[in-house]
Each structure stands twice: as C-alpha cells, then as structure tokens.
Amino acid sequence: MRKLEGKIAVITGGASGIGLETARRFVAEGAFVYLFGRRQSALDAAVEALGDQVRAVSGDVTQQADLDRLFDTVKGEKGGIDILFANAGVGEFAPLGEISPEHYDHAFDINVKGTLFTVQTALPLLRRGASVILTGSTVGVTGTPAMSIYSASKAAVRNLARSWSLDLKDTGVRVNVLSPGATGTVKLKDMLDATGMSDAITAGFVENTPLGRMGDPAETAAVAAFLASDDSSFMTGGEVFVDGGYAQV
C-alpha cells in the first residue's frame, strides 16, 4: 500500500521547485494534493503535469482573505487535512549596510507571517495525527554573508515548530521542519543570477557540501513524504536537514 493513500495534503508555494516535486511525490504515494501559489500560469501547468489528484488555488500567503479562501475550499471539498506543507518562502541577498525596510518586510511577511497564518488558518481542519511540515533552511543555523534577514526568518520558522509542537501536544498533530541546503530550483538560479556571481557562489556551495553537489528538489520531496507519512509518527518539534552535509560538519 502506498504510504499516503487517501490522505489530503495542502502545499503552499506548490507550483514550482521543492513544492512541485513534493506534490508529485505525494500523488505517487496516494495523496490528493491542493497546491497554493501566486502564479496562476504555473499552477495551471502543475495541474496539467500532475493530473486529477491535484487541485490548484491561487493566492498569497501574506493575505488572510486568500488563506481563508484556500481552506474554505479544502473544507468544502474534502472536509479536513492530513498533511500541511507550509513551503512558501522567499530569499534575497542584502549585506548589512544595504538592508532596507522593504527587504526586511518582504522576507518576514512571506517566510514568518505567511507560515504562521497558513498553519493557524488550517488548524481547525487538521485531523488527529496530521503532519505539519514547515520549510526551513540550512541558513537558519549557520552564518551566511549577505543573507542575514533570510537566515533570521528561517531561524524564526525553526522556533515556531518547537513552540507549536507544545501548543498542539494534546491534539496528535505533529510539527516538524524540513531544511534543505542549496537545491537546484529555478528560484535559486534566479536569485544567484541576480548577483552576477552565480558560478562562483554555486562553486562555493558545492565545495562546502560533503557530498560534492547541489541537491535535487526530488530528494527534498522524498524526505517531505517521510515526514508526511506514519513512518515519522514519533517525530515532532524536530528539524530534518536535506543538505548533503553542508550544515552538519
């Protein structure tokens, strides 16, 4: 039997990269998946690629009305949620001395506020034993030049999981953080290209990763499937790194 047979999953930031590959893996394991994201064209392409076990809802995790619409849709169609993957996030470079209020607000609004209100809005729909997965990052536990605000936002996400696992201890709902290292997504490529130093930064990632390469989104998706399944039933408040050893040694 497939590990997620009959489960209902919601993935924010689900139209590309790690979110899309996780949706693909969840469907392969038997889940019905709701994808939530801002780009309708990307959502449409994802549904076309993944088939009739996927439903797309467009919206922004920083907008409460959009989150309400997402979870009202899930409630009306499926009644509840077994897996919530709060994956929507953003990262941008800005060294100390060049950090603007807009840079700060953008990162924290999406990565922290968006994660918080995604989970809080979904809470009444989470079935007993549901798995909540938050997307962290290796930078949440390491110093990273020109990424202090992104890093701080991911450190905040890590602590949300710790605190929420205690808030939810009598519900059977589990909350864990999935923290990728450098992963070959279009979003990362675009971010690196914007610096004009993409090749050098990528080479640095590879050099400092014990496995000697960047990750594939499907590898992170495989670990997300583990956290979503009953195989991780005795895990909550934890963090799982999928980083080729980058932040581990």
Side-chain angles (χ1 to χ4, degrees), residues 1-37 46-47 49-56 70-71 74-75 77-89 115 118-119 122-138 157-158 160-162 164-181 183 185 215-244 248:
M1 182 177 177
R2 296 179 295 180
K3 292 183 178 182
L4 304 180
E5 194 71 50
K7 302 288 189 182
I8 305 302
V10 176
I11 302 175
T12 66
S16 63
I18 289 169
L20 178 60
E21 288 304 315
T22 299
R24 192 186 313 277
R25 182 60 180 259
F26 283 5
V27 168
E29 294 288 356
F32 185 95
V33 180
Y34 285 86
L35 300 179
F36 185 71
V47 171
L50 299 182
D52 60 9
Q53 286 299 104
V54 174
R55 167 94 148 85
L70 166 64
F71 293 114
V74 177
K75 181 179 180 180
E77 295 179 356
K78 300 295 182 180
I81 297 170
D82 303 292
I83 304 156
L84 176 63
F85 187 16
N87 171 66
T115 296
T118 293
V119 176
L123 196 59
L125 298 182
L126 296 178
R127 297 186 173 113
R128 186 166 189 84
S131 174
V132 175
I133 306 165
L134 313 181
T135 295
S137 172
T138 54
V157 167
R158 175 66 185 98
L160 291 177
R162 287 190 171 104
W164 292 345
S165 67
L166 296 175
D167 287 342
L168 298 171
K169 66 181 182 179
D170 296 323
T171 69
V173 174
R174 303 179 294 111
V175 185
N176 291 289
V177 178
L178 174 58
S179 290
T183 304
T185 64
D216 187 289
E219 294 175 305
T220 303
V223 180
F226 164 72
L227 290 174
S229 76
D230 291 340
D231 287 347
S232 60
S233 59
F234 199 54
M235 294 177 64
T236 195
E239 182 172 16
V240 180
F241 288 91
V242 190
D243 67 347
Q248 313 311 310

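Both backbone and side-chain heavy atoms feed into the values below; hydrogens, waters and symmetry mates do not.
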(request) Give the intermediate values and the outcome of side chain to side chain contact (heavy atoms under 4.5 Å, CB included) for residues S229 and L4. (result) CA-CA 6 Å; S229 76; L4 304 180; 3.9 Å; yes
Sidechain-backbone polar pair: [X] side chain, [Y] backbone, donor-acceptor under 3.5 Å:
X	Y	value
E21	A221	no
S165	V175	no
T22	L20	no
N176	I133	no

Measure the spacing between [atom1] of [X] and [atom2] of [Y] and express it to the nearest 0.5 Å.
X	Y	atom1	atom2	result
F26	D82	CZ	CG	11.0 Å
E5	K3	CD	NZ	13.5 Å
I81	F32	CD1	CZ	12.0 Å
D216	T185	CG	OG1	10.5 Å
M235	L227	CE	CG	5.5 Å
T115	N87	OG1	CG	9.0 Å

Can you give me the closest heavy-atom contact between [X] and [Y], atom names plus distance?
X	Y	result
A228	S131	CA-OG, 3.8 Å
A88	G13	CB-N, 3.8 Å
I11	G19	CD1-O, 3.9 Å
V173	R127	CG2-O, 3.8 Å
L126	L84	CD2-CB, 4.3 Å
V47	A56	CG2-CB, 3.6 Å

(request) Show the numbers, then the answer: is there a side chain to side chain contact (heavy atoms under 4.5 Å, CB included) between V119 and L134? (result) CA-CA 9 Å; V119 176; L134 313 181; 3.9 Å; yes
(request) Please collect all salt bridge (Lys or Arg N to Asp or Glu O under 4.0 Å) contacts where either partner lies in residues 171-180, sequence neighbours excluded, each pair once. (result)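 Residue pairs passing salt bridge (Lys or Arg N to Asp or Glu O under 4.0 Å), neighbours aside: none found.
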(request) Report the residues that fulfil side-chain contact (heavy atoms from CB on, under 4.5 Å) with S179, sequence neighbours left out, ordered by chain and then residue number. (result)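 Per chain and number, S179 pairs via side-chain contact (heavy atoms from CB on, under 4.5 Å) with V177, E239, F241.
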(request) Just jot down the side-chain hydrogen bond (donor to acceptor under 3.5 Å, both in side chains) partners of E77, sequence neighbours excluded, or say none. (result)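 Applying side-chain hydrogen bond (donor to acceptor under 3.5 Å, both in side chains) to E77 gives Y34, R55.
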(message) Less than 4.5 Å apart, side chain to side chain, heavy atoms only: is that true for F71 and V10?
(response) yes
(request) Kindly indicate, with the supporting measurements, whether the criterion side chain to side chain contact (heavy atoms under 4.5 Å, CB included) is fulfilled by T12 and T135. (result) CA-CA 10 Å; T12 66; T135 295; over 6 Å; no
(request) Just do the side chain to side chain contact (heavy atoms under 4.5 Å, CB included) check on F85 and V33 with the steps written out, would you? (result) CA-CA 10 Å; F85 187 16; V33 180; over 6 Å; no
